[in-house]
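To start, the structure itself, in structure tokens.
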There are 2 protein chains.
Amino acid sequence: MEALVNPDRRSLHQRILDDVQGRILSGEWPPGHRIPFEHEMTAQYDCSRMTVSKVLNQLARAGLIERRRRSGSFVLRPHSQSAVLEIRDIMTEVQALGLAYRFEIVSRAKRRATRTDLDRLHLEAKVPVLDLACLHFAGKEPFCHEERLINLDAVPEADAEAFAERAPGPWLVERVPWTTAEHRIQAIGANPLTAAALGIAEGAACLLIERRTKGAEQPITHVRLTYPGDGHELVAHFAPSRN
Amino acid sequence: MEALVNPDRRSLHQRILDDVQGRILSGEWPPGHRIPFEHEMTAQYDCSRMTVSKVLNQLARAGLIERRRRSGSFVLRPHSQSAVLEIRDIMTEVQALGLAYRFEIVSRAKRRATRTDLDRLHLEAKVPVLDLACLHFAGKEPFCHEERLINLDAVPEADAEAFAERAPGPWLVERVPWTTAEHRIQAIGANPLTAAALGIAEGAACLLIERRTKGAEQPITHVRLTYPGDGHELVAHFAPSRN
DNA sequence: TAGTGGTCTAGACCACACT
DNA sequence: GTGTGGTCTAGACCACTAG
């Protein structure tokens with residue numbers, strides 16, 4: 001059915017996807033437009049229905065179109081901005097700036113979880129926790145102040161770890177299987193502790209990233225990363241169907 | 001082949017996906033583990049290869065596994081935190097707080113693009129631009145200060161729009177077809193203009209969201225949204241395969 | 001009730017990477 | 001070579017829903 005010699009290097013469904021996506025992005029098919037039925041595209045591209053279906057389902061997952069039974073598929077209007085945010089590893093980030101990276105454990109304490117700890121970890125039982133403070137440097141300058149709680153019920157081996165070679169973040173990523181995470185991003189004025197650690201004025205604008213990480217069974221860790229506001233920005237991209 | 005009565009409401013590939021994903025999330029299949037070949041899963045689940053393939057490709061797109069020809073599919077280690085950030089419409093956000101929403105156009109100017117404008121819009125030619133400042137209120141309090149540039153070459157009808165009913169953001173979303181956007185998120189101290197607009201102290205910590213929006217042909221708009229730091233946070237989620 | 005998308009099959013050939 | 005995943009087909013039946 002298809003041309004014997006591949007006309008270009010893309011697969012058939014990739015070409016169809018690019019075609020349809022192009023029409024949507026260009027405005028040729030504006031929001032609300034009903035795109036051709038599967039059986040129509042099957043004829044138009046001279047391919048099987050599965051191939052068309054795969055393309056349209058990809059576009060639907062990417063949020064470009066909506067599929068309705070008995071009605072057809074429709075171009076959606078660009079929905080309330082949702083974007084993919086890349087939160088990179090601190091070491092990677094520093095090295096991307098062309099600076100030398102190192103970190104220091106500033107303080108370390110083991111205790112039964114206090115009420116604040118439980119709140120931060122989203123826990124109820126008063127489990128043992130490890131409370132770490134850590135400074136990350138870019139060259140000679142402090143780059144980020146890390147305050148971390150680790151649930152020792154979930155990761156007991158953290159108690160015996162010195163975190164000399166690897167910072168607590170990468171150490172946990174290596175050790176703990178797949179997780180889900182929730183991030184909160186705020187601007188705050190530096191509190192006295194953080195200001196002293198980062199060598200900035202109290203109240204200076206800082207970017208605070210809080211991350212709560214859960215494993216399959218229970219919460220694993222909570223971390224507050226504070227960056228001086230003038231030295232850091234997050235970048236997020238919004239684009240249809242990353243393929 | 002399949003049971004005549006659907007054992008639960010999920011489709012076959014959904015059940016397979018949940019099964020495989022569960023094993024990965026639980027750590028039963030740790031990072032590096034080689035998951036069964038397609039033909040093995042075909043036998044195990046008593047289904048066709050396409051069904052298995054669909055599942056594994058979904059997991060690969062979600063970043064949970066990596067597929068290598070001739071070698072098989074392998075569980076990845078949780079990669080550098082990347083998360084889906086939801087940047088909601090300001091009106092929606094305010095109303096979610098249970099507060100009344102309104103906005104005001106504070107200033108408006110039309111001009112040929114200055115060097116700063118071109119830089120912000122990612123443009124080269126000195127096109128006409130519309131420069132808007134806008135205040136968004138939650139109840140009686142200022143909630144967000146918006147500074148927006150609109151490329152009048154891309155959206156000429158903006159020049160004739162009063163933005164009385166709809167704020168510039170929603171107005172553009174309705175009018176312009178699909179776009180890509182780039183967001184930058186920083187913490188900054190409030191500059192005098194913004195501080196006055198928001199009724200906060202100069203230098204107070206604020207969350208700054210910059211968004212640059214491009215259409216198929218050319219840049220469309222650039223916006224700086226400044227939120228008082230104590231009244232705003234962004235939430236992002238990281239979880240494997242949203243299906 | 002008719003027509004859409006949702007799902008699934010049992011094949012097939014190909015490209016690629018490891019040997 | 002050889003075996004993996006990548007792609008594709010030509011059907012089929014089902015579930016949902018608009019008219």
Side-chain angles (χ1 to χ4, degrees), chain A residues 1-20 24 29 32-76 241-243, chain B residues 1-20 24 29 32-76 241-243:
Chain A
M1 287 282 184
E2 192 47 41
L4 295 178
V5 179
N6 200 332
D8 56 34
R9 300 294 298 172
R10 295 172 299 168
S11 60
L12 175 54
H13 69 259
Q14 187 65 58
R15 273 179 284 140
I16 301 177
L17 188 143
D18 290 351
D19 186 15
V20 174
I24 294 174
W29 289 349
H33 179 86
R34 205 213 77 220
I35 75 178
F37 297 126
E38 289 191 353
H39 70 264
E40 290 172 327
M41 301 187 66
T42 286
Q44 181 182 339
Y45 293 101
D46 188 26
C47 66
S48 80
R49 203 187 130 212
M50 264 237 118
T51 305
V52 172
S53 180
K54 183 174 182 172
V55 168
L56 297 186
N57 281 322
Q58 257 181 60
L59 289 170
R61 244 182 290 109
L64 267 171
I65 68 173
E66 178 193 16
R67 312 201 70 191
R68 292 203 294 266
R69 291 181 183 195
R70 179 60 212 249
S71 312
S73 302
F74 298 84
V75 178
L76 286 175
S241 85
R242 295 151 271 147
N243 302 322
Chain B
M1 288 281 181
E2 193 45 43
L4 295 177
V5 178
N6 199 332
D8 56 34
R9 298 294 297 170
R10 294 173 299 168
S11 60
L12 175 55
H13 71 259
Q14 187 65 58
R15 271 179 285 140
I16 300 176
L17 187 142
D18 290 351
D19 187 14
V20 174
I24 295 174
W29 290 349
H33 179 86
R34 206 214 76 223
I35 75 178
F37 296 126
E38 289 192 352
H39 70 263
E40 291 173 326
M41 301 187 66
T42 286
Q44 181 182 339
Y45 293 103
D46 188 26
C47 66
S48 80
R49 202 185 131 215
M50 264 236 118
T51 305
V52 173
S53 179
K54 182 173 182 172
V55 168
L56 297 187
N57 281 321
Q58 255 180 62
L59 290 171
R61 245 183 291 108
L64 267 171
I65 68 174
E66 179 193 14
R67 312 202 69 192
R68 290 203 294 265
R69 292 179 185 202
R70 178 63 211 241
S71 312
S73 302
F74 298 85
V75 177
L76 287 175
S241 91
R242 294 152 272 146
N243 304 324

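Here is the naming used below: chain letters follow the sequence lines, and residue numbers restart at 1 for every chain. Keep in mind that the numbers below use all heavy atoms, side chains included, and drop hydrogens, waters and symmetry copies.
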**OP:** Look through every strand shown and name the nucleotide pairing with C:dA12 as Watson-Crick or G-U wobble, where both distances are under 3.5 Å.
**Re:** D:dT7
Original post:
To the nearest angstrom, how far is B:Arg15 atom CZ from C:dC8 atom P?
Top reply: 8 Å
Original post:
Counting just side-chain N and O atoms, does B:Asn57 come under 4.0 Å of either OP1 or OP2 of D:dG5?
Top reply: no
Original post:
Say you draw a straight line from OG1 of B:Thr51 to CG of B:Leu17; how long is it, rounded to the nearest 0.5 Å?
Top reply: 12.5 Å
**OP:** May I ask you to test the A:Arg15-A:Asp19 pair for a side-chain heavy-atom distance under 4.5 Å?
**Re:** no
Original post:
Of all the choices, D:dC13, C:dA15, C:dT9, which nucleotide is nearest to the side chain of B:Arg69 once you look at every atom?
Top reply: C:dA15
Original post:
Taking for each residue the nucleotide of DNA chain C bearing the nearest heavy atom, is the 5' side occupied by A:Arg68 or by B:Ser71?
Top reply: A:Arg68
Subject >> Euclidean distance, atom CG of residue B:Leu17 to atom P of C:dT7 [Å, nearest integer] >> reply: 12 Å
Original post:
Hey, are the side chains of A:Arg49 and A:Met41 touching, using non-hydrogen atoms and a 4.5 Å cut-off?
Top reply: no
**OP:** Starting from P on D:dT9, measure out to CZ on B:Arg49 and report it in whole angstrom.
**Re:** 15 Å
Subject >> Comparing B:Glu38 and B:Met50 on DNA chain D - which has the more 5′ nearest nucleotide >> reply: B:Glu38
Original post:
Nearest to the side chain of B:His13 - D:dA18, C:dT7, D:dG6?
Top reply: C:dT7
Original post:
Hey, does the side chain of A:Arg67 come within less than 4.0 Å of C:dG6's phosphate (OP1/OP2), counting only N and O?
Top reply: yes
Original post:
Under the 3.5 angstrom rule, does the side chain of A:Thr42 hit a backbone N or O of A:Glu38 as a donor-acceptor pair?
Top reply: yes
Subject >> Proximity to the side chain of B:Lys54 - top-ranked nucleotide from C:dT7, D:dG5, D:dT9 >> reply: C:dT7
Original post:
Can you tell which of D:dA10, D:dG3, C:dG5 lies closest to the side chain of A:Ser48?
Top reply: D:dA10
Original post:
Could you state the CD-P distance from B:Glu66 to C:dC16, rounded to the nearest angstrom?
Top reply: 17 Å
Original post:
C:dT9 phosphate, OP1 or OP2: any side-chain N/O from B:Thr51 under 4.0 angstrom?
Top reply: yes
Subject >> Separation of C:dG3 P from A:Arg70 CZ (nearest whole Å) >> reply: 7 Å
Original post:
In a check of side chain to side chain contact (heavy atoms under 4.5 Å, CB included) between A:Ile35 and each of A:Ile65, A:Leu64, A:Leu59, which one passes?
Top reply: A:Ile65
Original post:
Rounded to the Å, how far apart are A:Tyr45 OH and D:dT7 C1'?
Top reply: 18 Å
Subject >> Of the listed nucleotides D:dC13, D:dT7, D:dC8, the one nearest the side chain of B:Ser53 >> reply: D:dT7
Subject >> Under-4.0 Å side-chain N/O to phosphate OP1/OP2 contact, B:His39 with D:dG3 >> reply: no
Original post:
Roughly, in whole Å, what's the span from CZ in B:Arg61 to P in D:dG5?
Top reply: 16 Å
Original post:
In Watson-Crick or G-U wobble terms, both distances under 3.5 Å, what is the partner of D:dG19?
Top reply: none
**OP:** Report the distance from atom CD of B:Glu40 to atom C1' of D:dG5, rounded to the nearest whole Å.
**Re:** 13 Å
Subject >> Interatomic spacing from CZ in A:Arg67 to CG in A:Leu76 - rounded to 0.5 Å >> reply: 12.0 Å
